[in-house]
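Accompanying notes for the structure given below.
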Amino acid sequence: QVHLMETGGGSVQPGGSLRLSCSVSGFNFYRDYSLGWFRRAPGPEREGVAGIAHDGTTQYEDSVKGRFSISVDVAKNILYLQMINLKPEDTGIYYCAAERTAAFGWQLLWDGWFTIWGQGTQVSVSS
């Protein structure tokens, strides 16, 4: 059974940085896969922030391009999201997600693609 657990959230001032980690257990990184980070700001909507496929293809939501970077360490089974120059609008609960098939392009930012989810970690950006 696949289990995802996010860590690394916290409270920072605008312009600050955080690195989120998602520990992935029970998942085969040597076959096709898709991994992603999503966030839910106050409200019901959950938006895709960044995604990465098994071939290294990445996709980013427009507002985070140049500030966020997604990566995966297959040796440690950890998915990362490095966030710099954080803004108040980045505030929300951040979730990691996984799927055992390869997503392409926009699918990496579509929460309907992913069926395996973590519990989330809170990120708060305010002065």
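These numbers come from the heavy atoms of this one structure, side chains and all, not from hydrogens, waters or symmetry mates. For this chain, numbers begin at 1 and follow the sequence in order.
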_Step-by-step side-chain contact (heavy atoms from CB on, under 4.5 Å) determination, I70 to Q82_ = CA-CA 6 Å; I70 188 171; Q82 179 68 51; over 6 Å; no
_Tell me whether the count of non-hydrogen atoms from other residues, nucleotides or ligands lying under 6.0 Å of CD in Q122 goes above 12._
yes
*Stepwise, does the side-chain contact (heavy atoms from CB on, under 4.5 Å) test hold for L4 with I116?*
CA-CA 8 Å; L4 308 181; I116 305 166; 3.9 Å; yes
*Just do the side-chain contact (heavy atoms from CB on, under 4.5 Å) check on N85 and F68 with the steps written out, would you?*
CA-CA 9 Å; N85 191 20; F68 289 13; over 6 Å; no
*asked:* Before you tell me yes or no, could you show the steps for F38 and W117 under ring pair (Phe, Tyr, Trp, His ring centres under 6.0 Å), namely the whole-Å CA-CA distance, both residues' side-chain angles and the distance that decides it to 0.1 Å?
replied: CA-CA 10 Å; F38 292 77; W117 293 86; 4.9 Å; yes
_Give me the atom names and distance for the closest heavy-atom approach of A103 to L108._
CB-CD2, 3.7 Å
*Provide the closest heavy-atom pair for Y95 versus E6 in the form atom of the first, atom of the second, distance.*
CA-OE2, 3.3 Å
*Between CZ of R31 and NE2 of H54, what distance do you get to the nearest 0.5 Å?*
11.0 Å
*asked:* Under a 3.5 Å cutoff, is there a donor and acceptor pairing between the side chains of T115 and E99?
replied: yes
_Using the rule that Ile, Leu, Val, Met, Phe, Trp and Tyr join whenever any side-chain heavy atoms are under 4.5 Å apart, tell me whether I78 and V72 fall into a single cluster._
no
*Starting at OG1 of T101, measure out to CD of Q107 and round the result to the nearest 0.5 Å.*
8.0 Å
*asked:* Are V2 and F114 linked, directly or through intermediate hydrophobic residues, by side-chain heavy-atom contacts shorter than 4.5 Å (ILVMFWY only)?
replied: no
*Electrostatic pair D90-K87, nearest N-O below 4.0 angstrom*: no
*Non-hydrogen atoms of F27 and A98 that approach each other most closely*: CE1-CB, 4.1 Å
*asked:* Tell me whether the count of non-hydrogen atoms from other residues, nucleotides or ligands lying under 6.0 Å of CD in E89 goes above 12.
replied: yes
*Any side-chain heavy atom of S127 sitting closer than 4.5 Å to one from P14?*
yes
_Please tell me whether V12 and I84 are part of a single hydrophobic cluster in this structure, the criterion being side-chain heavy atoms less than 4.5 Å apart._
no
_I'd like to know if E47 pairs up with R39 as an ion pair, taking the criterion as any Lys NZ or Arg NE/NH1/NH2 lying under 4.0 Å from an Asp or Glu carboxylate oxygen._
yes
*Spell out, as yes or no, whether a donor-acceptor pair under 3.5 Å connects the side chain of S21 to the backbone of Y80.*
no
*Mind checking the CE-OH spacing from M83 to Y94? Nearest 0.5 Å is all I need.*
5.5 Å
*For residues N28 and Y33, determine if any side-chain heavy atom of one lies less than 4.5 Å from a side-chain heavy atom of the other.*
no
*Between SG of C96 and CD of Q119, what distance do you get to the nearest 0.5 Å?*
10.0 Å
_Please tell me whether V74 and L81 are part of a single hydrophobic cluster in this structure, the criterion being side-chain heavy atoms less than 4.5 Å apart._
yes
*Value rounded to 0.5 Å, distance of CD1 in I52 from CG in L79*: 7.5 Å
*Please answer: with hydrophobic residues joined when any side-chain heavy atoms are less than 4.5 Å apart, are W37 and F29 in the same cluster?*
yes
*Exercise: identify the closest heavy-atom pair between T121 and L20*: CG2-CD2, 4.0 Å
*How close do I93 and G120 get, heavy atom to heavy atom, and via which atoms?*
CG2-CA, 3.9 Å
*Supply the atom-to-atom distance S69 OG to R19 CZ, rounded to the nearest 0.5 angstrom.*
10.5 Å
*If only atom types and distance count, is the side chain of Y60 paired as donor or acceptor with the main-chain N or O of G51 below 3.5 Å?*
no
_Nearest non-hydrogen partners of L109 and V49, listed with the distance_ = CD2-C, 3.7 Å
*Mind telling me whether W110 and W113 have parallel, tilted or perpendicular rings, with 30° and 60° as the class edges?*
tilted
*Report the C-alpha distance between L18 and V123 in whole Å, list the side-chain angles of each, state the deciding distance to 0.1 Å, and finish with yes or no for side-chain contact (heavy atoms from CB on, under 4.5 Å).*
CA-CA 9 Å; L18 284 172; V123 172; 3.9 Å; yes
